[in-house]
Chemist: 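Submitted below is the structure of interest, expressed as structure tokens.
Numbers for residues simply follow the sequence, beginning at 1.
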Amino acid sequence: MRFYLRLFALNLKSQMQYKASLFLSCLGQFMTAFTSFFSIKFIFMQIDAVGGFTYGQVLLCFSVIMLSFSIGEAVGGGLANFPRMVNMGEFDRMLTRPRNLILQVIIPFFDFTRVGLLAQGIIVLGLAIPQSGVTWRADKIAGLVLMIVCGAVLFFCLFMFQAAFAFFTMNSLDFLNIFTYGARQFGRYPFSVYGKKILHFLTFCIPLALIQYYPLQFLIDDTAHPAGMFIPCLSLLFILPCYALFRFGIRKYKSAGS
């Protein structure tokens, strides 16, 4: 791990060389993300609930998705830029090193500018908790933590899933952004408001509902069994197909030809 920690430290040091740029990037992430928060605020100035969910409960969904996405993208920043790395021949160089390929991809490209987005999610979570109507017990708190942690892992897997296609297309498939950047946007509201078909797709295909909608039902239900706090853990099964596809891509990869 010493090798990877050195890569992480070098990445941090390189980004800190331009402190003003890093600060402004974080500030930009922080300010831009608040436009989504204000849009929710303006909507609830006219209505009392969306799909049966109150303002505080919608904010809880919004903050969980925002925190999960910011952590997942910060860690998976290299995967988000993976098609460019393949096209530029950078991945070919990584193949010559006797180190874990995924760690080589993600650690040198850890995106520290996502601190701004993370800070925004923490603030919104602080606003949502007292307004959500949830009776906070130990199992509810654990469930909320698991929503964020498992959500971050899920978003990381989605970036890995998208990156794996670069082995076959050599280019980014932009339509797959609907499951990463798009999920950050429409995840502002409980997924049930988009209809049963979308909810089923986000349950059994791309398990975003397992870290948002179903755990939210557990949180707001005072009679829910404590085992419900482990619902987000089911989304971790998505690691298996994403990792398998990425490994399959590595085995089939010939070279960028550069």
Side-chain angles (χ1 to χ4, degrees), residues 26 29-30 32-34 36-37 40 53-77 79-80 106 110-161 179-193 199 202-203 206-221 224-239 242:
C26 292
Q29 293 278 349
F30 180 81
T32 303
F34 261 108
S36 299
F37 168 73
I40 296 174
F53 295 93
T54 65
Y55 174 61
Q57 292 164 359
V58 169
L59 282 187
L60 199 58
C61 285
F62 174 79
S63 60
V64 165
I65 291 294
M66 194 64 66
L67 287 168
S68 299
F69 178 84
S70 61
I71 298 171
E73 190 189 21
V75 177
L79 293 170
I106 65 175
F110 194 98
D111 190 357
F112 293 96
T113 63
R114 292 302 170 187
V115 170
L117 196 61
L118 183 66
Q120 190 258 8
I122 293 173
I123 292 174
V124 175
L125 180 63
L127 296 173
I129 286 176
Q131 301 183 62
S132 62
V134 176
T135 303
W136 294 102
R137 308 188 303 259
D139 58 334
K140 305 284 186 177
I141 296 172
L144 179 60
V145 172
L146 285 174
M147 289 170 70
I148 297 171
V149 173
C150 294
V153 175
L154 178 58
F155 274 108
F156 176 83
C157 289
L158 287 171
F159 281 112
M160 183 189 298
F161 179 78
F179 301 122
T180 52
Y181 300 100
R184 185 186 72 175
Q185 295 301 320
F186 61 76
R188 293 178 294 177
Y189 300 95
F191 290 125
S192 60
V193 305
L199 180 60
L202 296 178
T203 301
I206 307 294
L208 286 164
L210 294 177
I211 56 98
Q212 192 239 47
Y213 172 70
Y214 296 109
L216 178 65
Q217 298 281 43
F218 163 73
L219 292 181
I220 63 180
D221 185 1
H225 192 278
M229 67 181 178
F230 296 109
I231 292 175
C233 297
L234 296 175
S235 67
L236 299 180
L237 293 173
F238 193 62
I239 296 174
C242 291

Chemist: Determine whether Val134 and Ile129 make a side-chain contact, defined as any pair of heavy atoms from C-beta on separated by less than 4.5 Å.
Modeler: no

Chemist: Below 4.5 Å, heavy atoms only, C-beta onward: do Val153 and Phe238 meet side chain to side chain?
Modeler: no

Chemist: Report the distance from atom CD1 of Ile220 to atom CG of Leu60, rounding to the nearest 0.5 Å.
Modeler: 9.5 Å

Chemist: Does any N or O in the side chain of Lys140 come within less than 3.5 Å of the main-chain N or O of Phe218, such that one atom is a donor and the other an acceptor?
Modeler: yes

Chemist: Atom CG of Leu210 and atom CD1 of Ile231: how far apart are they, to the nearest 0.5 Å?
Modeler: 8.0 Å

Chemist: Under the side chain to side chain contact (heavy atoms under 4.5 Å, CB included) test, which residues partner Pro190, sequence neighbours left out?
Modeler: Phe53, Val58, Cys61, Ser192, Gln212, Tyr213, Leu216

Chemist: Could you give the distance from CG (Leu234) to CG (Leu154), rounded to the nearest 0.5 Å?
Modeler: 12.0 Å

Chemist: Closest approach of Pro226 and Asp139, non-hydrogen atoms and distance?
Modeler: CA-OD2, 3.6 Å

Chemist: How would you list, by chain and number, every residue that makes a ring pair (Phe, Tyr, Trp, His ring centres under 6.0 Å) with Phe62, sequence neighbours excluded?
Modeler: none

Chemist: Within this structure, what is the CZ-CG distance for the pair Arg188 and Leu59, rounded to the nearest 0.5 Å?
Modeler: 11.5 Å

Chemist: Consider side-chain contact (heavy atoms from CB on, under 4.5 Å). Of Val124, Leu118, Leu125, which one does Ile122 pass it with?
Modeler: Leu118

Chemist: Heavy atoms only: give me the nearest Thr54-Ser132 pair and the separation to one decimal.
Modeler: OG1-O, 4.5 Å

Chemist: Between Pro232 and Gly143, what is the shortest heavy-atom contact and its length?
Modeler: CG-O, 4.3 Å

Chemist: Run the numbers on Leu219 and Met147 for side chain to side chain contact (heavy atoms under 4.5 Å, CB included), then give the verdict.
Modeler: CA-CA 11 Å; Leu219 292 181; Met147 289 170 70; 3.7 Å; yes

Chemist: Nearest 0.5 Å, please: how far is SG in Cys157 from CZ in Phe179?
Modeler: 14.5 Å

Chemist: Could you tell me which non-hydrogen atom of Ala209 sits nearest to which non-hydrogen atom of Phe191, and how far apart they are?
Modeler: CA-CD1, 3.7 Å

Chemist: Can you tell me which residue pairs pass the ring-ring contact (aromatic ring centres under 6.0 Å, His included) test with a partner in residues 134-157, sequence neighbours excluded?
Modeler: Phe69-Phe155

Chemist: Quick check: closest heavy atoms across Ile65 and Ala183, and the distance to 0.1 Å?
Modeler: CG2-O, 3.8 Å

Chemist: Ignoring hydrogens and geometry, is there a side-chain-to-backbone donor-acceptor pair from Ser68 to Ile148 under 3.5 Å?
Modeler: yes

Chemist: How about Val193 and Phe186: do any of their side-chain heavy atoms sit closer than 4.5 Å?
Modeler: no

Chemist: List the steps, then state whether side chain to side chain contact (heavy atoms under 4.5 Å, CB included) holds for Leu208 with Leu158.
Modeler: CA-CA 10 Å; Leu208 286 164; Leu158 287 171; 4.2 Å; yes

Chemist: Which heavy-atom pair separates Ile106 from Val75 by the least distance, and what is that distance?
Modeler: CB-O, 3.4 Å

